[in-house]
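Worth knowing before you read on, the calculation uses all heavy atoms, side chains too, and leaves out hydrogens, waters and symmetry mates. Nothing here was measured: the structure is a model prediction, and the numbers come from that model.
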Amino acid sequence: MAYKKRLDGRKPGELRPITAKAGVIDRADGSAYFKIGNTAAYATVYGPRELHPRFLRNPKKGLLRCEYRMMPFSGMGDRVRPGYNRRSKEISMVTEKALSPVVDLSDFPNSVVDVFIDLPETDAGSRCAGICAASIALADAGIPMKDLVVALAAGKVDDMVLVDPNYDEEAYDAEVADIPIAVIPSTNEISLLQMDGIIKKTDLKKAMKLGLKATDKIYKIQRAALKDKYKGGKK
Amino acid sequence: METVVPGEVLAEGMDYLPSFGTYRQKDKIVASRLGLVRVDGRVIKLIPLAGAYLPKKNDRIIAKVSDIAISGWRFDINSAYGAMLSTKEATSEYIRRGADLTRWFNVGDYVVTKITNVTSQNLVDLTMKGRGLKKIVGGRIIKINCTKVPRVIGKKGSMISMIKDKTGCSIIIGQNGFVWIKGKADGELKATKAIKMIEEKSHVKGLTDKVNKFLGSDK
């Protein structure tokens with residue numbers, strides 16, 4: 001059974017519907033909500049603030065610390081046990097590495113900026129949604145940064161190269177590849193590239209090209225989310 | 001003025017100069033913070049809309065005693081960094097070594113103070129010597145974002161003096177975003193609401209009129 005048409009009827013290069021909002025959590029220094037299809041992420045930013053434990057302190061620049069966590073009810077079936085597990089630790093780490101090239105914490109030595117990413121519902125592409133939300137939240141917190149970071153997944157299901165696969169596509173009974181990508185739009189640098197599955201070299205190139213083409217749309221939505229917060233009159 | 005987000009290109013070509021909150025990327029000038037942008041001659045200026053307080057020399061701030069050390073006090077200054085006040089800088093009277101420092105300031109007290117020095121590692125020194133620098137007694141302390149402090153004060157203090165007049169409160173604003181309000185209970189409440197309103201709508205045009213209307217509705 002060849003995969004000719006996507007399960008939800010999208011075109012290969014089409015993203016799921018996106019909503020984004022900045023400043024959704026009052027008590028945080030910066031926050032954002034990012035939803036793509038049925039995957040939603042809340043990102044909250046605290047700091048720059050005093051860093052504990054002390055041995056992590058860097059007298060040259062501040063530290064960026066990310067934490068990715070799925071909420072207990074966010075999974076497809078079983079309850080997700082809260083707390084660290086191998087997967088969430090990995091994703092926290094890659095999120096940190098995806099964001100750190102843009103944030104500039106040289107003005108804040110010995111301090112930390114904490115980013116918490118919480119996912120109330122997930123349907124594939126959660127680390128990408130998390131990174132998108134986190135970069136809006138960091139900007140909302142007034143952290144100096146070169147640019148926002150845009151993340152999305154590209155992939156291949158059977159013979160079709162596509163972007164932003166959902167869970168049903170990732171679980172499709174054929175050769176499937178899932179490639180999360182994070183891009184810094186102003187320089188076109190890639191700050192995250194992972195892959196899960198099987199794909200040919202030529203198809204990988206095709207998938208990346210298709211993915212990079214779709215980043216523009218997300219970037220626009222991220223910027224609009226930040227500007228929306230300060231709508232209602234220019235000074 | 002226009003709201004800009006990090007990564008947004010503000011100007012192209014070498015005719016313009018980047019300043020605080022912006023950087024040059026080849027021939028472009030790009031925003032590195034969320035803020036409002038203004039062109040001043042050749043310089044592109046960015047006024048941040050959010051961000052944490054970074055201690056600066058000669059800032060008058062409101063600080064809270066967080067700890068007492070051997071010969072001074074540690075303060076929480078609403079920033080990633082603490083601040084130190086030595087006994088020498090605290091009062092004009094002589095404080096003997098080993099004296100009980102809680103006699104002057106105890107943990108939890110608030111003071112109006114001034115920053116005398118900030119090092120490259122953001123170690124902060126304070127002084128209590130100067131006009132209007134004192135321990136705070138009574139009233140209430142509220143916290144606002146330090147980027148909104150100039151807006152709450154207004155041009156030549158227009159906004160803050162209006163709030164003072166209409167509510168009958170005495171108000172001191174620290175550059176770090178701590179605000180001390182003292183007056184009658186209902187006046188304090190009203191002033192708090194007005195300041196919170198300014199903080200929320202700081203980017204809106206004609207805010208002074210709006211605040212005036214809010215304060216004037218029932219005095």
Side-chain angles (χ1 to χ4, degrees), chain A residues 22-23 26-31 45-51 57-63 102-113 135-150 184-187 219-220 222-235, chain B residues 1-9 20-26 28 30-38 46-55 66 74 76-82 118-123 143 145-148 150-151 177 196 200-208 210:
Chain A
D26 267 357
R27 300 289 291 271
D29 294 323
S31 60
V45 172
Y46 295 88
R49 62 180 177 184
E50 222 171 294
L51 173 53
R57 288 188 183 184
N58 181 349
K60 290 230 162 105
K61 62 174 190 159
L63 177 78
V102 294
V103 296
D104 171 22
L105 297 176
S106 52
D107 279 348
F108 306 100
N110 294 323
S111 70
V112 64
V113 174
S135 69
I136 303 175
L138 281 165
D140 181 47
I143 309 286
M145 53 204 287
K146 271 196 336 202
D147 201 351
L148 301 172
V149 179
V150 184
I184 303 161
S186 63
T187 54
Y219 191 40
K220 269 188 196 139
Q222 284 177 311
R223 283 156 75 145
L226 282 165
K227 289 193 178 182
D228 247 22
K229 190 184 169 189
Y230 293 99
K231 227 166 55 183
K234 285 169 191 167
K235 197 163 69 169
Chain B
M1 278 192 275
E2 204 190 334
T3 321
V4 293
V5 302
E8 201 165 324
V9 176
F20 175 82
T22 65
Y23 69 99
R24 185 181 284 288
Q25 190 182 63
K26 288 181 190 146
K28 290 177 192 141
V30 187
S32 64
R33 284 183 76 162
L34 180 69
L36 298 167
V37 128
R38 184 161 55 99
L46 188 141
I47 303 162
L49 278 167
Y53 176 66
L54 247 190
S66 61
R74 270 204 89 71
D76 168 18
I77 56 170
N78 195 24
S79 142
Y81 307 97
V118 183
T119 70
S120 68
Q121 297 304 306
N122 286 331
L123 300 172
K143 224 181 188 178
N145 191 300
C146 69
T147 54
K148 310 291 164 68
R151 195 76 170 116
K196 286 281 173 197
E200 208 175 293
K201 298 183 177 158
S202 65
H203 56 286
V204 176
K205 206 172 159 182
L207 190 59
T208 320
K210 274 186 195 146

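In this structure, A:Leu148 and A:Leu226 have side chains that are in contact, with non-hydrogen atoms separated by less than 4.5 Å. Between A:Arg57 and A:Glu50 there is a side-chain heavy-atom pair separated by less than 4.5 Å. With contacts defined as side-chain heavy-atom distances shorter than 4.5 Å, the pair A:Pro185/A:Asp147 qualifies.
B:Ser120 touches chain A through its backbone: at least one of N, CA, C or O sits under 4.5 Å from a heavy atom, while the side chain does not. Proximity to chain A involves both the backbone and the side chain of B:Leu49, based on heavy atoms less than 4.5 angstrom apart. Residue contact with chain B, scored on non-hydrogen atoms closer than 4.5 Å, involves the backbone and the side chain of A:Ala139 alike. With a threshold of 4.5 angstrom between heavy atoms, A:Asp104 does not approach chain B through any atom at all. If you measure heavy-atom distances from B:Tyr53 to chain A, you find no contacts under 4.5 Å at all.
Distance OG/A:Ser186 to NZ/B:Lys26: 9.5 Å, rounded to 0.5 Å. To the nearest 0.5 Å, the span separating CZ on B:Arg151 from CG on B:Asn145 amounts to 14.5 Å.
Counting heavy-atom pairs under 4.5 Å between each of B:Gly82, B:Gly206, B:Ala80, B:Ala31 and chain A puts B:Ala80 at the top. Across B:Gly35, B:Ser32, B:Gly51, the residue that shares the most heavy-atom pairs under 4.5 angstrom with chain A is B:Ser32. Each of B:Leu54, B:Thr147, B:Val4 has some count of heavy-atom pairs under 4.5 Å with chain A, and the biggest count is that of B:Leu54.
Remark: A:Lys61 NZ is loosely packed, at most 12 non-hydrogen atoms of other residues, nucleotides or ligands lying under 6.0 Å away.
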